[in-house]
Asks: 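Got a structure for you, written out below as structure tokens; questions coming shortly.
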2 protein chains.
Amino acid sequence: MTDRKMIKPTESELEILQLLWAHGPSTVRFVNDQLNEYREVGYTTTLKLMQIMADKGLARRNTESRTHVYSAGVSESDTQEHLLKKFLDATFRGSAMKLVMQTLGNHETSPEELDEIKALIEKMEKDNH
Amino acid sequence: MTDRKMIKPTESELEILQLLWAHGPSTVRFVNDQLNEYREVGYTTTLKLMQIMADKGLARRNTESRTHVYSAGVSESDTQEHLLKKFLDATFRGSAMKLVMQTLGNHETSPEELDEIKALIEKMEKDNH
DNA sequence: AAGTATATACGAAACCTTTCGTAAAGTCAA
DNA sequence: TTGACTTTACGAAAGGTTTCGTATATACTT
């Protein structure tokens with residue numbers, strides 16, 4: 001998170017970023033097909049969004065071939081961290097604890113995952129002490 | 001969370017809800033003053049927002065006296081749960097675990113809180129086993 | 001070469017959220 | 001009762017996001 005002026009992606013932009021993060025550099029056609037797996041969106045709509053994202057720096061595009069190839073312009077973890085901070089303030093008034101408790105309480109988490117979290121906590125307590 | 005069609009509050013609406021949750025039934029004047037503690041907003045702007053919230057069911061209002069009194073129309077925990085679900089999907093592709101790890105890693109949490117979380121995890125593991 | 005298909009560019013409509021000006025009505029004090 | 005003040009109501013402007021129609025260019029097929 002070196003970038004000082006972080007841009008907050010809109011909902012649609014985030015949806016597209018998720019695809020770029022998950023699949024790597026992609027064409028508009030591919031992204032649009034993916035989106036249409038679970039909701040209807042016109043091709044030019046997706047195109048426009050991705051062009052806007054390129055303008056904003058949220059995506060990069062390679063225009064060497066006629067069919068442009070887009071890739072994410074911001075890192076997944078930086079973006080998650082940034083959005084998490086905002087969400088935490090807006091929804092939980094900054095209480096990280098409450099958010100974690102809600103999350104653990106409401107979404108099933110596998111025993112392995114729980115163990116992993118416990119390990120992380122223990123590591124933090126050791127480092128901290 | 002009995003309500004089946006949950007409304008997603010906008011950012012401004014959530015800001016106002018936080019105040020209603022924290023302080024209980026309040027007048028527009030009070031809410032507006034609170035908002036102005038950390039950013040400038042016109043009185044009629046706040047009034048309009050609260051009227052809209054009443055329309056949507058996000059707030060209730062008592063119009064007995066000339067000065068209307070508004071209270072939250074949705075519960076804090078239901079709303080948090082609902083927003084958390086959406087945020088989790090949109091930002092962490094549904095991985096509760098990743099969200100928790102990010103949160104614990106990035107925001108300082110006191111030793112007491114960490115213990116509390118550990119206790120919760122252990123309780124879950126016992127219940128689950 | 002002509003016709004079909006697929007790509008980008010552009011602009012504007014549609015929609016939502018936020019902001020505020022103005023009007024109308026109620027309250028209060030001198 | 002008049003004037004200053006506060007409140008709600010209303011509507012529309014301003015700003016941002018999403019959607020898509022249309023134009024233009026390029027490639028592919030027969």
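Order of the sequence lines sets the chain letters (A, B, ...), proteins ahead of strands, with each chain counted from 1. Treat the numbers as computed from the prediction; the structure is a model and nothing was measured.
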Asks: Between D:dT18 atom P and A:Met53 atom CE, what is the distance in whole Å?
Replies: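 My rounded result for the distance is 10 Å.
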Asks: Rounding to a whole Å, what distance do you find between B:Leu47:CG and C:dA23:P?
Replies: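 Answer to the nearest Å: 17 Å.
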Asks: Please determine if a side-chain N or O atom of B:Thr10 lies less than 4.0 Å away from the OP1 or OP2 oxygen of C:dT18.
Replies: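 B:Thr10 to C:dT18 OP1/OP2: side-chain N or O found under 4.0 Å.
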Asks: B:Phe87 vs A:Phe87 aromatic rings, parallel, tilted or perpendicular, using cut-offs 30° and 60°?
Replies: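 The rings of B:Phe87 and A:Phe87 lie parallel, inter-plane angle below 30°.
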Asks: Answer yes or no: does a side-chain N or O of A:Arg29 lie under 4.0 Å from OP1 or OP2 of C:dA7?
Replies: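 Yes.
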Asks: Whole-Å distance between C:dA7 C1' and A:Phe30 CZ?
Replies: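 Result: 18 Å.
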Asks: Taking atom P of C:dT19 as reference, at what distance in whole Å does atom CD of B:Glu11 sit?
Replies: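 Interatomic distance, CD of B:Glu11 to P of C:dT19: 11 Å.
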Asks: Nearest-Å distance, CZ (A:Arg61) to C1' (C:dA7)?
Replies: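 About 12 Å, once rounded to whole Å.
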Asks: Do any N or O atoms from the side chain of A:His68 and from the backbone of A:Arg66 form a donor-acceptor pair under 3.5 angstrom?
Replies: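 Here the side-chain-to-backbone pair exists.
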Asks: To the nearest angstrom, how far is B:Asn36 atom CG from C:dT18 atom P?
Replies: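 Taking CG of B:Asn36 and P of C:dT18, I get 16 Å after rounding.
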Asks: Could a donor-acceptor pair under 3.5 angstrom be found where the side chain of B:Arg66 meets the base of D:dT6?
Replies: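 When only heavy-atom distances are counted, B:Arg66 does reach the base of D:dT6 through a donor-acceptor pair under 3.5 Å.
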Asks: Report, one pair per line, the protein and nucleotides 19-23 of chain D atoms (nitrogen or oxygen only) whose separation is under 3.5 Å.
Replies:
unit_1 : atom_1 : unit_2  : atom_2 : d
D:dC20 : OP2    : A:Gly42 : N      : 3.3
D:dC20 : OP2    : A:Thr45 : OG1    : 3.3

Asks: Send over the distance from A:Asn32 CG to C:dA7 P, rounded to a whole Å.
Replies: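 So the CG-P distance, A:Asn32 to C:dA7, works out to 10 Å.
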Asks: For B:Leu58 and C:dT18, give me the distance from atom CG to atom P, rounded to whole Å.
Replies: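 Computing the B:Leu58:CG to C:dT18:P distance gives 11 Å.
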Asks: Ignoring backbone atoms, test whether B:Gln51 places a side-chain nitrogen or oxygen under 4.0 Å from the OP1 or OP2 oxygen of D:dT8.
Replies: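 B:Gln51 to D:dT8 OP1/OP2: no side-chain N or O under 4.0 Å.
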